[in-house]
2 protein chains.
Amino acid sequence: MEKQNVTIYDVAHQAGVSMATVSRVVNGNPNVRPKTREKVMKVIKELNYHPNVIARGLASKRTRYIGVLLPDITNPYYSSLALGIDDIANMYEYNIILANADPEHDAAGVESLIMKQVDGIIFIGNSISQEARQKISAAGRPCVFTDLIDPEATMPTINIDVEDAYYQVTKDFLANGKKRIALVGSDQGFKVSQSRQLQGYEKALTEAGHAVNEDLLIAAKSPSYDSGYALYETFTEIEADAAIATDDTIAIGLLNALLDNGVKVPEEVEIMASDNSSIVNMSRPELSSIAPPIYDIGAVAMRALTKLMENETLDTDLKLPYQIIKGGTTS
Amino acid sequence: MEKQNVTIYDVAHQAGVSMATVSRVVNGNPNVRPKTREKVMKVIKELNYHPNVIARGLASKRTRYIGVLLPDITNPYYSSLALGIDDIANMYEYNIILANADPEHDAAGVESLIMKQVDGIIFIGNSISQEARQKISAAGRPCVFTDLIDPEATMPTINIDVEDAYYQVTKDFLANGKKRIALVGSDQGFKVSQSRQLQGYEKALTEAGHAVNEDLLIAAKSPSYDSGYALYETFTEIEADAAIATDDTIAIGLLNALLDNGVKVPEEVEIMASDNSSIVNMSRPELSSIAPPIYDIGAVAMRALTKLMENETLDTDLKLPYQIIKGGTTS
DNA sequence: CTGTTAGCGCTTTCAC
DNA sequence: GTGAAAGCGCTAACAG
């Protein structure tokens, strides 16, 4: 319980300068004579002064907090993304504050973040509600999207070229003779929203002269292992011979459900996952997966946000390179 | 970009009362005539007023932020814990802010949280550095520990009875004829610190008339799948016939390494994990595991912290009930 | 029950 | 280059 409250005033007093000068030193304002700066620095060290972030926030109207909305922090894909964001945020001396935002509660999440006076927002997920999107606009806060495209197309989106990835994967499946390729989403949204995933998938089918079969578009209740596992019945009914899952936890759930029921993977059914998150090698066989540069996506998103907050403009659609990792669930 | 700055003053003015009254209404202070309260509420709605959290923090010296330090958010055990914490935090209108704190950087983590003026801290991990612990004391902030015991024994620790769990598991292994039971830690710390895990393990061995064999205490580099997988060589050398892993990711890593090398689990080696986190059923066979009530631990920890912040006192060592889940990696 | 009055610790014009 | 002073929006005594 040592001296808890060295203020800028104490430093100013002790150094024989004004608060304004101390403030300048602390904030790296160049308009300070080197000698003065040095003296102030010394006192800051001596007194172990740390600026009060709250007071600073009040006075400057900027908090250096940025809000990150994501569907589920226990999903390894999202938590890894958060890590990339956090690293860059620290680099720019921003702090991140996480908020869970499944599709039902994203508006509440946005609102709570805005009330916390965050300087900017990173929105991660498959979809955003109109209401949530409006609140972001209304608050006039910069925002960067990841995974999904900004429905208003005014804020940047960071991701791989999802459409291309799904196109490639679907094409490969077709080339390998697959006739019934299922697209397995993590919620119902991907069907209605004409997601990029669906577009890439459709493009490959169309090119090969096939139409999209609605039956083959199925969705888990949520992006989780159990929801994936629970898909077994549905999946069996549609008699698919291949599946592309939009989420790794769903992919592993489905894989294990198939294996547990004696279905051979990849011989009878091939599976492609989408995140290459930390769990893809926990199953046997290991999951094949589209491999987005997860950490980089987070990092680039955060970097983009810092630019936005400094009123720079950027491209609205940044596409990072991806790979396709061959595990044991595809041939 | 609607009206961004309705202040308490605007509300007061519009409602024909003083700022103080508005403040009282907003903070649920009972000393307001119902009629007045109603009037103020109405104006608040009309103007869509939201109190500025920052200003409130400055004036009240409490931010309603609590800092959560954990080793790795991408580890499912820790992220689930964070979820339990977050839920209760929201209930009490606290916000959590996460900080990564592996053993090397915990002091920096604590410091950054304190600079952010958090009202309290929850520390999660196997160990805490002296420096970090001191900073917490120095800041005079309440703190709750999870997983580890407060080295100064002044702040509460929330966990299952780890010693008992390890005692039981070890005893069961012995009863099943296991001769060489390895204890697999997630870092070197658990050996030196005479962790509760080690104590339970030792107790069971001693009771059975055996001594602890130092060779059988091994540690992964970090709590991660890869570190667990990399343990294969070491593990083979010690010729263990059973293993208790302190972390699920390590357990799965080790399991898969054994399987990939043709070792039969559980026939030749049995494995017991410790977290029963979301990944235990991703492997085949599924992991057997000690099952702490993860969500509850987080929830209870957060609840305990709220009590501490209200200057209530509590027991310093809360032990929650646990189970042992029989998967396929034990007989 | 309600209003007045100080600040909380810092940033930021605006003079000097 | 540096200082004085006016807030940022709110809470918390203290009166009444």
Side-chain angles (χ1 to χ4, degrees), chain A residues 3-41 43-44 47-65 93 95 114-119 139, chain B residues 3-41 43-44 47-65 93 95 114-119 139-140 309:
Chain A
K3 60 173 77 171
Q4 181 50 37
N5 23 24
V6 259
T7 76
I8 198 171
Y9 174 82
D10 299 325
V11 177
H13 185 76
Q14 177 82 19
V17 299
S18 74
M19 288 164 50
T21 300
V22 178
S23 176
R24 289 190 187 98
V25 170
V26 170
N27 292 297
N29 184 316
N31 291 343
V32 181
R33 191 149 41 95
K35 201 124 190 201
T36 314
R37 174 184 308 280
E38 217 170 280
K39 188 172 56 183
V40 173
M41 294 281 239
V43 176
I44 288 180
L47 268 44
N48 188 30
Y49 165 73
H50 292 289
N52 181 318
V53 190
I54 305 294
R56 202 205 295 254
L58 222 209
S60 67
K61 311 279 242 167
R62 311 183 340 111
T63 58
R64 302 202 80 81
Y65 274 101
E93 294 182 49
N95 307 116
I114 289 173
M115 279 182 51
K116 287 164 201 158
Q117 331 286 326
V118 295
D119 292 341
Chain B
K3 60 174 74 170
Q4 181 51 39
N5 22 24
V6 257
T7 77
I8 198 170
Y9 175 81
D10 300 325
V11 177
H13 186 76
Q14 178 82 18
V17 299
S18 73
M19 289 164 50
T21 301
V22 178
S23 177
R24 288 190 189 99
V25 171
V26 170
N27 293 297
N29 185 317
N31 293 341
V32 182
R33 191 150 43 94
K35 202 124 190 202
T36 314
R37 175 185 305 282
E38 218 171 279
K39 189 172 55 182
V40 172
M41 293 283 237
V43 176
I44 288 181
L47 268 45
N48 189 28
Y49 165 73
H50 292 288
N52 181 317
V53 190
I54 305 294
R56 198 202 297 249
L58 223 208
S60 68
K61 314 278 248 166
R62 309 176 349 106
T63 58
R64 301 202 80 80
Y65 274 101
E93 294 182 49
N95 307 115
I114 289 173
M115 280 181 50
K116 288 163 201 159
Q117 332 284 324
V118 295
D119 292 341
M309 291 187 295

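Just so you know, these numbers use all the heavy atoms, side chains as well, and skip hydrogens, waters and symmetry mates. Keep in mind it's a predicted model, so treat the numbers as computed, not measured.
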Exercise. Do Arg24(B) side-chain and dG3(C) base share a donor-acceptor contact under 3.5 Å?
Worked result: yes
For this session: Using atom OH of Tyr9(A) as one end and atom C1' of dG3(D) as the other, report the distance to the nearest whole Å.
Result: 13 Å
Exercise. Quick check: are there more than 12 heavy atoms from other residues, nucleotides or ligands sitting under 6.0 Å from NE2 of His50(B)?
Worked result: yes
For this session: Report the nucleotide, chosen from dC14(D), dA4(D), dT11(D), that has the shortest atom-to-atom distance to any side-chain atom of Ser18(A).
Result: dA4(D)
Exercise. Can you check whether Thr36(A) has a side-chain N or O nearer than 4.0 Å to OP1 or OP2 of dT2(D)?
Worked result: yes
Exercise. Considering only heavy atoms, which members of residues 25-35 of chain B lie under 4.0 Å from some atom of DNA chain C?
Worked result: Asn31(B), Val32(B), Arg33(B)
For this session: Drop me the distance from Ile54(B)'s CD1 to Thr63(A)'s OG1, to the nearest 0.5 angstrom.
Result: 5.5 Å
Exercise. Does any non-hydrogen side-chain atom of Ile8(B) lie less than 4.5 Å from one of His13(B)?
Worked result: no
For this session: Remember a base hit wins even if backbone is also touched, and classify Ser23(A) as base, sugar-phosphate or nothing at under 4.0 Å, heavy atoms.
Result: base
Exercise. When you measure from the side chain of Thr21(A) to the backbone N and O of Val17(A), does any donor-acceptor pair fall under 3.5 Å?
Worked result: no
Filtered N/O pairs between nucleotides 6-9 of chain D and protein, under 3.5 Å:
| from | atom 1 | to | atom 2 | distance (Å) |
| --- | --- | --- | --- | --- |
| dC8(D) | O3' | Lys61(A) | NZ | 3.3 |
| dC8(D) | O2 | Ala59(A) | N | 3.2 |
| dG9(D) | OP1 | Lys61(A) | NZ | 2.7 |
| dG9(D) | N2 | Ala55(B) | O | 3.3 |

For this session: Return yes when atom CE of Met309(B) has more than 12 non-hydrogen atoms of other residues, nucleotides or ligands closer than 6.0 Å, and no otherwise.
Result: yes
Problem set entry | Interatomic distance, Tyr65(B) atom OH to Gln117(B) atom CD [nearest 0.5 angstrom] | 12.0 Å
Exercise. Side chain of Asn29(A), backbone of Asn31(A): donor and acceptor closer than 3.5 Å?
Worked result: yes
